[in-house]
Amino acid sequence: MASQPPKDQWSSKTYNEAGGFVPKLASKVVELLSPSPSDHILDIGCGDGPLTAQIAQTIPSGKILGLDASESMIKTAKEKFTSTNCTFERQDCAQLNGTAFAQGQWDKVFSNAAFHWILGAAENHLTVFRGLFAALRPGGTLVFEMGGAGNIAEVHTALIGSLMAHGMSKSAAEKANPWCFPSVEEMRNFLSQAGFDISLVESEYRPTRLTDKSRDGGGGLEGWIRLFGDSFLQVVPEEKRDEIVSWAADCLESIVTRDGGSQWLGYVRLRAVARKPM
Ligand SMILES: C[S@@+](CC[C@H](N)C(=O)[O-])C[C@H]1O[C@@H](n2cnc3c(N)ncnc32)[C@H](O)[C@@H]1O
């Protein structure tokens, strides 16, 4: 039976404005994917689809299916990027195991910037990796990039600080965290417990420039906080949310702003390549 996706916190329009840089910074993980022309690829947490479509162009005799839990993201992906070898479906990928998408039919399972959300919301991390394992054919490859330990630590701290400054206890503020940012060692454990043979798990500190209203019409630091930090805002009444955002943005401003006014967050990327044994 199809599972109920979690509440949709995503809007493809807002994602474009505040997070449009995310799919554009995926060159290293796409290089690791190294698609063969006839590959059948499953893209987990595909968002609004530009990266899925980019990969589709490199597999003319293959196909790629993008899955995402967000209705808004999948609607936009379908409208903008559906083609003969590129399709999209709505699916909660924390619950992949046992679905029609996880029947050992994929040569490669790919993901960019989605596993920290999926694992963060999952009750059991191993269940998620077992679903990915079940999706691959024997000998198939899992290739992904996600946030790793220490990712965006400054904004994470500012959001917890803002909630505490507005009267929330430390433990309640910490519970609002939607993400799971594993270390290399933790990821090795997840993968090997699920049965994968590990080829690579690496972490990279990659400071990342935020969008900017004057440069690219983007949402800047506040836009980033409102979109990606939404779970921290949902735990307070609506009328308090602007204040939570302003407090965190104010606290972060001098730390993330560089010469010339550009704003950067301390992204840490975790990349992995793992194979399902033959
Ligand atoms: C930062 S976006 C990355 C999108 C895309 N991969 C890219 O590179 O632009 C994270 C995506 O993960 C999706 N997501 C979060 N939790 C999910 C889940 N449980 N199952 C499927 N998708 C999920 C979100 O809806 C969102 O589209």
Side-chain angles (χ1 to χ4, degrees), residues 2-33 41-56 64-78 80-81 86 88-97 99 101-102 108-125 127-132 135 142-148 151-152 155 177-181 206 208 210-211 218-219 223-231 234 265 267 269-271:
S3 58
Q4 268 309 98
K7 175 187 158 289
D8 197 357
Q9 70 162 95
W10 299 89
S11 137
S12 62
K13 181 175 176 295
T14 318
Y15 182 57
N16 249 299
E17 288 164 3
F21 58 85
V22 174
K24 293 182 186 142
L25 293 174
S27 57
K28 285 191 183 171
V29 69
V30 173
E31 199 176 308
L32 289 173
L33 179 69
I41 302 175
L42 185 64
D43 182 2
I44 304 285
C46 62
D48 55 347
L51 191 53
T52 324
Q54 182 192 317
I55 295 167
I64 186 163
L65 169 65
L67 298 180
D68 200 286
S70 159
E71 193 170 358
S72 168
M73 292 292 211
I74 285 296
K75 183 170 178 290
T76 302
K78 280 184 173 174
K80 283 172 83 173
F81 297 114
C86 182
F88 300 91
E89 294 291 340
R90 187 175 175 204
Q91 171 66 36
D92 175 3
C93 295
Q95 310 288 339
L96 204 57
N97 217 347
T99 67
F101 307 116
K108 288 173 182 156
V109 172
F110 172 81
S111 184
N112 180 54
F115 277 8
H116 47 273
W117 296 99
I118 298 171
L119 293 174
E123 276 172 27
N124 184 342
H125 297 159
T127 309
V128 177
F129 286 97
R130 289 204 171 119
L132 303 169
L142 171 66
V143 181
F144 65 90
E145 179 171 310
M146 65 183 290
N151 191 43
I152 51 135
V155 71
N177 170 25
W179 307 301
C180 170
F181 296 136
R206 193 202 63 194
T208 297
L210 298 182
T211 59
W224 192 105
I225 293 173
R226 284 181 199 281
L227 174 70
F228 295 114
D230 183 62
S231 301
Q234 291 302 321
L265 291 185
Y267 272 64
R269 301 286 89 186
L270 186 76
R271 278 184 289 273

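Each ligand, and each atom within it, is numbered from 1 in the order the structure gives.
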Do the rings of Y267 and F21 sit parallel, tilted or perpendicular, given the 30° and 60° boundaries? perpendicular
Are the side chains of D43 and F88 in contact, using a 4.5 Å heavy-atom criterion? no
Heavy-atom contact check, 4.0 Å cutoff: does Q91 meet ligand 1? yes
Who are the side chain to side chain contact (heavy atoms under 4.5 Å, CB included) partners of T76, not counting sequence neighbours? S12, D48, K80
As an exercise, identify every atom of ligand 1 less than 4.0 angstrom from a heavy atom of A114. 12 (O)
How does P50 reach ligand 1, if at all, at less than 4.0 Å between non-hydrogen atoms: by side chain, backbone, both, or neither? neither
Please work out which of W117, F115, F228 has its closest non-hydrogen atom nearest to atom 15 (C) of ligand 1. W117
Only heavy atoms count here, so choose which of A113, C93, G47 is nearest to atom 10 (C) of ligand 1. A113
Of all heavy-atom pairs between G45 and D68, which one has the smallest distance, and what is that distance? C-OD2, 3.3 Å
Atom 11 (C) of ligand 1: which of L67, D68, N112, D92 has the nearest heavy atom? D68
Quick one: which of L210, T208, N151 gives a side-chain contact (heavy atoms from CB on, under 4.5 Å) with L265? L210
Parallel, tilted or perpendicular: which fits the ring planes of F115 and F144, with parallel below 30° and perpendicular above 60°? tilted
Purely on distance, is any nitrogen or oxygen of D48 under 3.5 Å from one on ligand 1? no
List ligand 1 atoms under 4.0 Å from M73, heavy atoms only on the residue side. 27 (O)
Could you tell me whether A69 and ligand 1 have an N or O pair separated by under 3.5 Å? yes
Taking every non-hydrogen atom, the tightest pair across Q91 and F101: OE1-CE1, 3.5 Å
Among the heavy atoms of A26, does any lie under 4.0 Å from an atom of ligand 1? no
